[in-house]
Amino acid sequence: MVRHPLNKYLLRNSHTHSPSLYTSHYSVLKGTKSSKMGTSNPNMLLNYVPVYVMLPLGVVNVNNVFEDSEGLKKQLLQLKEAGVDGVMVDVWWGIIELNGPKQYDWGTYRSLFKLVQECGLKLQAIMSFHQCGGNVGDIVNIPIPKWVLDIGDSDPDIFYTNRSGNRNIEYLTIGVDNLPLFHGRTAIQIYSDYMKSFKENMSDFIESGLIIDIEVGLGPAGELRFPSYPQSQGWEFPGIGEFQCYDKYLKAEFKAAAAKAGHAEWELPDDAGSYNDVPESTEFFKSNGTYLTEKGKFFLTWYSNKLLIHGDQILEEATKAFQGCNVTIAIKVSGIHWWYKSESHAAELTAGYYNLQDRDGYRPIARMLTRHHAILNFTCLEMRDSEQSSDAKSAPQELVQQVLSGGWREKIEVAGENALPRYDAAAYNQMILNARPNGVNKNGPPKLSMYGITYLRLSDELLQKSNFAIFKKFVLKMHADQDYVEDPNQYNHVIIPLKPSGPKIPLEKILEATKPIPPFPWDSETDMKVDG
Ligand SMILES: OC[C@H]1O[C@H](O[C@H]2[C@H](O)[C@@H](O)[C@@H](O[C@H]3[C@H](O)[C@@H](O)[C@@H](O[C@H]4[C@H](O)[C@@H](O)[C@@H](O[C@H]5[C@H](O)[C@@H](O)[C@@H](O[C@H]6[C@H](O)[C@@H](O)[C@@H](O[C@H]7[C@H](O)[C@@H](O)[C@@H](O)O[C@@H]7CO)O[C@@H]6CO)O[C@@H]5CO)O[C@@H]4CO)O[C@@H]3CO)O[C@@H]2CO)[C@H](O)[C@@H](O)[C@@H]1O
């Protein structure tokens, strides 16, 4: 079925659909509301995809100081002038809850948000329960709170661990999600309390429409994944990465699951190689390797299910915290495009995306999101296969097509980001293509369209004259050649108060979405090109 945004809206909200909502939405479609900034062709407005820009990682520094508000103001005003819809910012756990359990300090972030509001931009806030540092582009270091790291001194198994025993202090292992090891609280309770405190302390910014989106951090770099490819441990592109489930808590969970399945003798993999291996050099990932055996499949199912359960639990807490607020909830999924064209998809498997030719590893994530009314935010939108070296058997275009299609099949919204900073027309055109894979529709909404794109990231390099000139064209093309529109209703984003999560979806039902379905067709290039 080809989706129409009106259908999309009705489907998404079918359980609460009321005639008044329908009426207001219909009047939007008929173009009876007018834009504050002027413009526009109401039909073309239905093709508008908003653009956000990520703020620098250390905009609030590790000491909870907003160092250069004047400098940032100038930059934000430039973004505003370029027609950008809003900005995304990390709200670091390691800064806010630095001083001790539940001792939140929101003051500096309030000053930052006030500035964003004064500059007329909207805000996407990331609940960043991870460390900054150790991943591509991490130019500052912001650890998780010291009182949590201190617990790790006596119990290092609270951190993800690889087979050689290296700990990764970027994010707490999923193994402690439900263990009260943190001054009586579990990891999930910590995340939940943090989101509730954010909501209480930022309610005026939510009510005024400044904060429109909450990106719920679910792992390293804020993404729902295992830290399988840490540069801090010597991983280099395009290494296959390593499984990260050798802390004592996950190990015990695996042993219990194996015993329950009648295989008490099964252990975690010991033949999956190391970070910079290629698939064929390992027993696990080589052609007809362990990954295809009963034991290998059991492990991979268990490992990837851990992510689904982790995301499901935290999102339930997120909808409790933000219930009734006019915000969307989103999660990030990493774009692991290397080895996508190899049989075993090794790099995706070590990250926890159990994705093979005959098994979709992403649509189950999308299905899990349905009950939370959440958006799937996917990365590497800018990349083209032709830009990748053939050694990496990389296929970012097919990967993006698969993941976005999976989201649309599950009738959720999908958003996206670029993975690496790019300033060239080819990258922008690829992003625009992914935003509207079948182009614009002059008579109404496009067949397919993304909910929004966040550009990584604000920097002096982006604002440099020629780079910024082309970026402005990108924004205009994403807006389908329409002027900036302040009211999202006008481009078909009907923001309604967030509802609590729906009833639990049994895991078996979620896993039915592993059945591959052909992706939606994509045009070969965008019809709204930015020229170089
Ligand atoms: O604030 C929000 C969060 O922001 C950060 O997380 C985001 C992260 O930064 C994003 O990358 C993205 O996360 C994923 C991404 O989806 C995955 O695809 C993957 O990224 C891998 C990438 O796809 C692979 O291709 C590969 O990248 C290597 C690349 O292919 C090589 O060419 C080379 O890159 C060079 C680059 O060529 C070179 O020009 C230079 O780039 C610098 C640039 O010139 C300069 O102007 C400056 O702006 O900085 C640039 C550095 O970024 O250096 C590059 C690096 O040497 O090497 C690349 C790395 O080997 O591997 C990538 C994985 O490493 O994985 C990403 C991480 O999971 O979305 C994240 C979420 O928004 C923060 O980390 C978070 O804490 C924040 O919350």
Side-chain angles (χ1 to χ4, degrees), residues 47-57 75 78-79 82-88 124 135-139 221 223 237-238 332-338 340-341 377-390 392-404 414-440 446 448-481 522-532:
N47 294 270
Y48 184 112
V49 178
V51 178
Y52 306 89
V53 175
M54 272 186 218
L55 293 188
L57 289 163
Q75 294 185 324
Q78 281 180 270
L79 293 182
V84 164
D85 296 86
V87 292
M88 182 184 281
Q124 301 177 304
N135 282 300
V136 63
D138 285 355
I139 52 161
E223 298 164 324
F237 181 78
K332 296 193 185 194
V333 173
S334 178
I336 305 202
H337 51 86
W338 51 108
Y340 184 89
K341 277 195 274 191
N377 185 354
F378 194 62
T379 57
C380 84
L381 291 191
E382 81 284 17
M383 293 183 174
R384 292 177 305 160
D385 295 3
S386 58
E387 295 160 351
Q388 306 294 324
S389 90
S390 58
K393 298 214 171 147
S394 175
Q397 288 176 246
E398 288 77 358
L399 173 64
V400 168
Q401 195 173 351
Q402 178 192 340
V403 177
L404 302 195
V414 293
E417 298 173 0
N418 48 314
L420 298 172
R422 290 275 296 268
Y423 311 102
D424 56 301
Y428 289 128
N429 287 336
Q430 189 61 31
M431 291 170 81
I432 299 166
L433 173 63
N434 289 323
R436 286 181 299 257
N438 305 134
V440 297
L448 297 170
S449 73
M450 293 183 70
Y451 198 74
I453 283 189
T454 304
Y455 176 82
L456 174 147
R457 142 184 347 267
L458 177 59
S459 66
D460 290 341
E461 210 169 347
L462 173 67
L463 298 175
Q464 182 266 326
K465 201 170 170 204
S466 58
N467 286 345
F468 201 49
I470 185 165
F471 175 78
K472 282 188 202 169
K473 290 185 200 164
F474 163 66
V475 175
L476 185 64
K477 295 298 170 187
M478 286 287 295
H479 289 173
D481 277 337
W522 247 238
D523 293 348
S524 57
E525 52 182 39
T526 178
D527 57 349
M528 277 264 159
K529 269 192 179 171
V530 158
D531 54 57

Heavy-atom closest pair, residues Gln397 and Ser386: OE1-N, 4.5 Å

Pairwise distance CG(Asp531) to CD1(Ile470) - rounded to 0.5 angstrom: 7.5 Å

Option passing side chain to side chain contact (heavy atoms under 4.5 Å, CB included) with Val530 (candidates Lys473, Lys472, Met478, Met431): Lys473

Pro396 vs Gln388 side-chain heavy atoms within contact, under 4.5 Å: yes

Within-4.5 Å side-chain heavy-atom neighbours: Gln75 and Leu55: no

Glu382 to Glu387 - nearest heavy-atom pair and separation: O-OE1, 4.1 Å

Asn434 side chain near Trp522 side chain, heavy-atom distance below 4.5 Å: yes

Residues in side-chain hydrogen bond (donor to acceptor under 3.5 Å, both in side chains) contact with Ser334, at least two apart in sequence or another chain: Tyr229

side-chain contact (heavy atoms from CB on, under 4.5 Å) between Asn429 and Lys477, intermediate numbers included: CA-CA 9 Å; Asn429 287 336; Lys477 295 298 170 187; over 6 Å; no

Least distance between heavy atoms, Met450 atom then Gly416 atom: CE-N, 3.3 Å

Plane angle bin for Tyr455 and Tyr428 - parallel if under 30°, tilted between 30 and 60°, otherwise perpendicular: tilted

Asn418 (side chain) donor-acceptor with Leu456 (main chain) under 3.5 angstrom: yes

Shortest non-hydrogen contact between Leu448 and Asn438, atoms and distance: CD1-OD1, 3.4 Å

Student check: side-chain heavy atoms of Met383 and Leu420 closer than 4.5 Å: yes

Closest approach of Met528 to Ile432 (non-hydrogen atoms, all atoms of both residues): O-CD1, 3.6 Å

Parallel, tilted or perpendicular: ring planes of Phe474 versus Phe471, cut at 30 and 60 degrees: tilted

Asp481 side chain reached by Leu476 side chain, heavy atoms, under 4.5 Å: yes

Arg436 (side chain) donor-acceptor with Asn47 (main chain) under 3.5 angstrom: yes

Atom of Leu79, atom of Val87 and distance for their closest heavy-atom approach: CD1-CG1, 4.0 Å

